[in-house]
Structures are given as structure tokens and as C-alpha cells.
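Quick caveat: nothing in here was measured; it's all calculated off a predicted structure. Note that ligands are numbered from 1 as they come in the structure, with each ligand's atoms numbered from 1 the same way.
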Amino acid sequence: MTDEEILSVLRPDGTADPSLDPGLPEPELLSLYRHMVLLRAIDEKAVALQRSGRIGFFVPSSGQEACSIGAGHAVREGDWIFPAYRDHGVGLMRGYPLAALVGQILGNTADATRGRQMPNHWCDRSIRLVSVSSPVATQLPHAVGAAYAAKMRGERVAVLTTFGDGGTSTGDFHAAMNFAGVFRLPVVFFCENNRYAISHPVEHQTASRTLAEKARAYGLPGVRVDGNDVLAVRKVVGDAMNRARAGEGGMLIEAVTYRLGPHSTSDDPTVYRTEEEVAAWRGKDPIRRFAAFLKGRGLLEDPAAEEAGAKESVRRAIEAAEGAPPVPLSSLFEDVYADIPWHLAEQRDSLLPGKG
Ligand SMILES: Cc1ncc(C[n+]2csc(CCOP(=O)(O)OP(=O)(O)O)c2C)c(N)n1
């Protein structure tokens, strides 16, 4: 392949290219599909919750489901994940529970971080899903640090970090890629080029022909993949993670995709994109594309029933999490110190007399 070519597995007729098909077992194929549908259902409901004032903030991933779910499926037990804020699907695919995800955006006692993180900033120690970073691309050097540690300890694990096209313009991208190249670290840089960094188009982000080609300067391979093709993403990220686990170093992957919705619930994309552009990408919807493949294989009969089932799961998870009580004030003083220092004890006692 040339530098600019984009690897696809799903063909326009709905079949898979046999030379590139990762050959996943049928239950796994269905699981990929169901997680993509679930991710879309979460998006729709979370945006509605924000609009009705029940949550403060949300970052949708509609249009990019093949990226999160395909990449998440390539992560194995023991691997580390340093995600971007749009990649809750990676965690979901690794088993991060829907109840925990919903609890996090509500920030009550159903939230593992007890309302201390900004909404949309998930983490789960049990699957090595490190907390989402708000500042763009700061997760990249963190991922490289974890990869360096894994290498020093002789662990055969890989680290996946995800970020957007805007992330490639940061100093952290340079520092992370350089360090990963020099020390041949087991880290996969998965860049979702969704064409915009909020309102800033990728053409104004870089003068490079592609984002993948930036890898060459750091001595890493760089490849482009169709980010609306879940089998292609799974194949490319899976190969890169295997290579990293085998001690062959890191890789930069540019997934070419599109964000169908707003950047976040605080954004209005109609002021910087045309309806025609959005409609053209709607025609490449990653879920519909994969559904066509599954139907052709006789694995999927009723996509509408799958969507209804996912919506119902989300509705039930929200109902359960909304019933959880708010986090008590006393939690302000918990979980940081084993023995609370005198000055905090004093503050606690003045705020909550008799609770010390
Ligand atoms: C260091 C830093 N600068 C600016 C911001 C504000 N900001 C939040 S998201 C974003 C755009 C990032 O775009 P991209 O990396 O392409 O990812 P995408 O949101 O498209 O997934 C910006 C500028 C920030 N969070 N951190």
C-alpha cells in the first residue's frame, strides 16, 4: 500500500475482502455490531438528557462507532487503555459496565468516582482503562510511560491510546511519538481523523498529506484505515497490538472517519459544516454498513429490533442510576488520605459537626 491508501475490509457490495478479513467467530461479529448499536443508543439518550437538564455535559461518538468498538475489541486482558473523551466505546467493548457509564455521567453514588470527575470522564481500574484526559492529547505521554514501564518489567502487553486529528498538532504528540520510537515501546497510537477539531477542519490542522505519514519522522510505521469499517479497524489495530506485544515497537494508525453529531453538547456544528457534507457521511454510516455485511452472512435478521433492545437497555440503566442517592458531603474528605491530616479534620468537623 502507498502512504495515502486507506485500508478497507467491507466492500461496497456488503461482502468482506477475504485477503484482509480478520476472520472473527460469528458470536464476536454479532458482539461488535451490538456494541456499536448500544453506543449509538447511549449517544441519543445522553444528548436528550443533557438537553432536558438531567446531566451537565456529554461527548457523542455517533459516526465513529467502528473506531471505538473495533479498536476496543483488539485490546486483551493486561493491556492498557489511555482513551480520548470520545472513546467510551473502547471501554464498553472491554466490559466497562453500562451501569457504571451511566452512573458516571450522572455523578451520584452510582458513579465509581463519586461525582469527582467531569461527566464523560470514565475510568475502570479492573480493565486498565485510565481516566479520560480533558486537555487534548495529554494521554499520549501517559500511554508511553505505561508502555515504558511494561517494557522494563518484561510484560508482554500493549498500550492503546486514542486521540483526534487535532491531537497531532500538540507538543505531547511529538514527545510521545519520539519517545516511543527511540525506545521501541509497545504503544499503539490510534488517531481518529474525524475531519474537525471542534470547528477547525483538518486541512487547517496540518500541511502534511496524511496524518499517518507523520509516523515516519519518528521511525514508526504509519497506516491509514477506513474508520467507518469495523472489520478494517479491528484488523489494523489487532495487528498493531500483536506486533507491540511481540516487542516489535509501536505504530501510528490514522482512522479516516467523520463525527456525525456535535463536538460535544456545547457545540453547534451547523455554523461550520454544510448539510450536504454531513448527509454524504451519513450515507457511509458504520453501523448500517456492518449490518449489511451481517445480513449477507445470515447473522442478522432485524436491525430495528436490535436498536429497540439497545434503547431499552439504556433506558433501564438510566432509571436505575437516577434512583441512586447523591454523594454525601462527607465524601469530600474521603479516599485521598488513609489518616486524615489535622487541617482537613478541622474543616470536616466544622462542616459536619459530630461526624468525625
Ligand atoms: C490543550 C487543550 N487545548 C484546547 C482544548 C479545547 N478543546 C477541547 S476538544 C478540542 C478539539 C480536539 O479535536 P481533536 O483532537 O480532533 O478530537 P475530536 O474532538 O475531533 O475527537 C479542543 C481544541 C483542550 N481540551 N485542551
Side-chain angles (χ1 to χ4, degrees), residues 36 39-40 42-43 46-47 50 56-72 81-92 105 117-123 130-144 160-177 188-208 210-215 222 224-228 233 237 252-273 277-278 281 284 286:
M36 290 169 76
L39 204 47
R40 183 74 58 96
I42 293 169
D43 249 34
V47 171
Q50 195 276 339
F57 180 72
F58 187 73
V59 180
S61 60
S62 289
Q64 295 179 227
E65 291 90 348
C67 290
S68 293
I69 299 302
I81 308 162
F82 289 77
Y85 41 73
R86 210 178 295 287
D87 275 317
H88 35 295
V90 175
L92 275 181
I105 51 177
Q117 254 289 24
M118 196 177 157
N120 213 103
H121 286 58
W122 295 277
C123 61
V130 178
S131 182
V132 166
S133 296
S134 276
V136 169
T138 49
Q139 68 273 27
L140 274 59
H142 303 166
V144 165
L160 174 73
T161 184
T162 70
F163 52 103
D165 37 288
T168 63
S169 297
T170 63
D172 279 340
F173 172 81
H174 164 72
M177 294 280 294
V188 174
F189 298 93
F190 185 65
C191 175
E192 292 171 48
N193 176 2
N194 64 9
R195 303 204 45 75
Y196 291 90
I198 312 186
S199 56
H200 201 69
V202 69
E203 293 77 16
H204 294 181
Q205 192 70 250
T206 181
S208 299
T210 74
L211 299 178
E213 74 176 1
K214 291 174 187 267
R224 300 183 95 198
V225 63
D226 182 340
N228 285 29
V233 172
V237 180
L252 171 64
I253 298 167
E254 174 188 358
V256 178
T257 185
Y258 193 78
R259 156 168 64 74
L260 288 174
H263 167 75
S264 73
T265 46
S266 312
D267 175 44
D268 173 9
T270 61
V271 299
Y272 57 83
R273 316 190 293 200
E277 181 182 298
V278 180
W281 279 92
K284 304 177 194 174

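- Residues Leu252 and Thr168 form no side-chain contact, since every pair of their non-hydrogen atoms from C-beta on lies 4.5 Å or further apart.
- Ile198 CD1, 4.1 Å is the protein heavy atom nearest to atom 23 (C) of ligand 1.
- Taking atom 21 (O) of ligand 1 as the reference point, the nearest protein heavy-atom neighbour is Arg86 NE, 3.0 Å.
- Looking at Phe57 and Ile105, their side chains never come closer than 4.5 Å, going by heavy atoms from C-beta outward.
- Here the heavy atom of the protein found nearest to atom 9 (S) of ligand 1 is Tyr85 OH, 3.0 Å.
- Here is the list of ligand 1 atoms found below 4.0 Å of a heavy atom in Pro135: 25 (N), 26 (N).
- When side chains are defined from C-beta on, Leu211 counts as touching Lys214, because their heavy atoms get closer than 4.5 Å.
- We find the CZ-CZ distance between Arg273 and Arg195 to be 10.5 Å, quoted to the nearest 0.5 Å.
- The shortest contact between atom 5 (C) of ligand 1 and any protein heavy atom is with Val136 CG2, 4.0 Å.
- For atom 11 (C) of ligand 1, the nearest protein heavy atom lies under 4.0 Å away.
- Among protein heavy atoms, atom 14 (P) of ligand 1 sits closest to Gly166 N, 3.4 Å.
- Counting heavy atoms under 4.0 Å from ligand 1, residue Ser134 touches it through the backbone alone.
- The shortest N or O to N or O distance between Asn194 and ligand 1 is below 3.5 Å.
- No hydrogens or angles considered: nothing links the side chains of Thr257 and Asn194 as a donor-acceptor pair under 3.5 Å.
- Only the side chain of His263 comes within 4.0 Å of ligand 1, counting heavy atoms alone; its backbone N, CA, C and O stay farther away.
- Side-chain N/O atoms of Asp87 and Ser68 include a donor and acceptor closer than 3.5 Å.
- Around the NE2 atom of His200, the shell of radius 6.0 Å holds more than 12 heavy atoms that belong to other residues, nucleotides or ligands.
- Judged by the shortest distance from any of its heavy atoms, Phe163 lies outside the 4.0 Å radius around the atoms of ligand 1.
- Between Trp122 and Phe58, the angle of the ring planes goes over 60°, which puts this pair in the perpendicular group of the 30/60° scheme.
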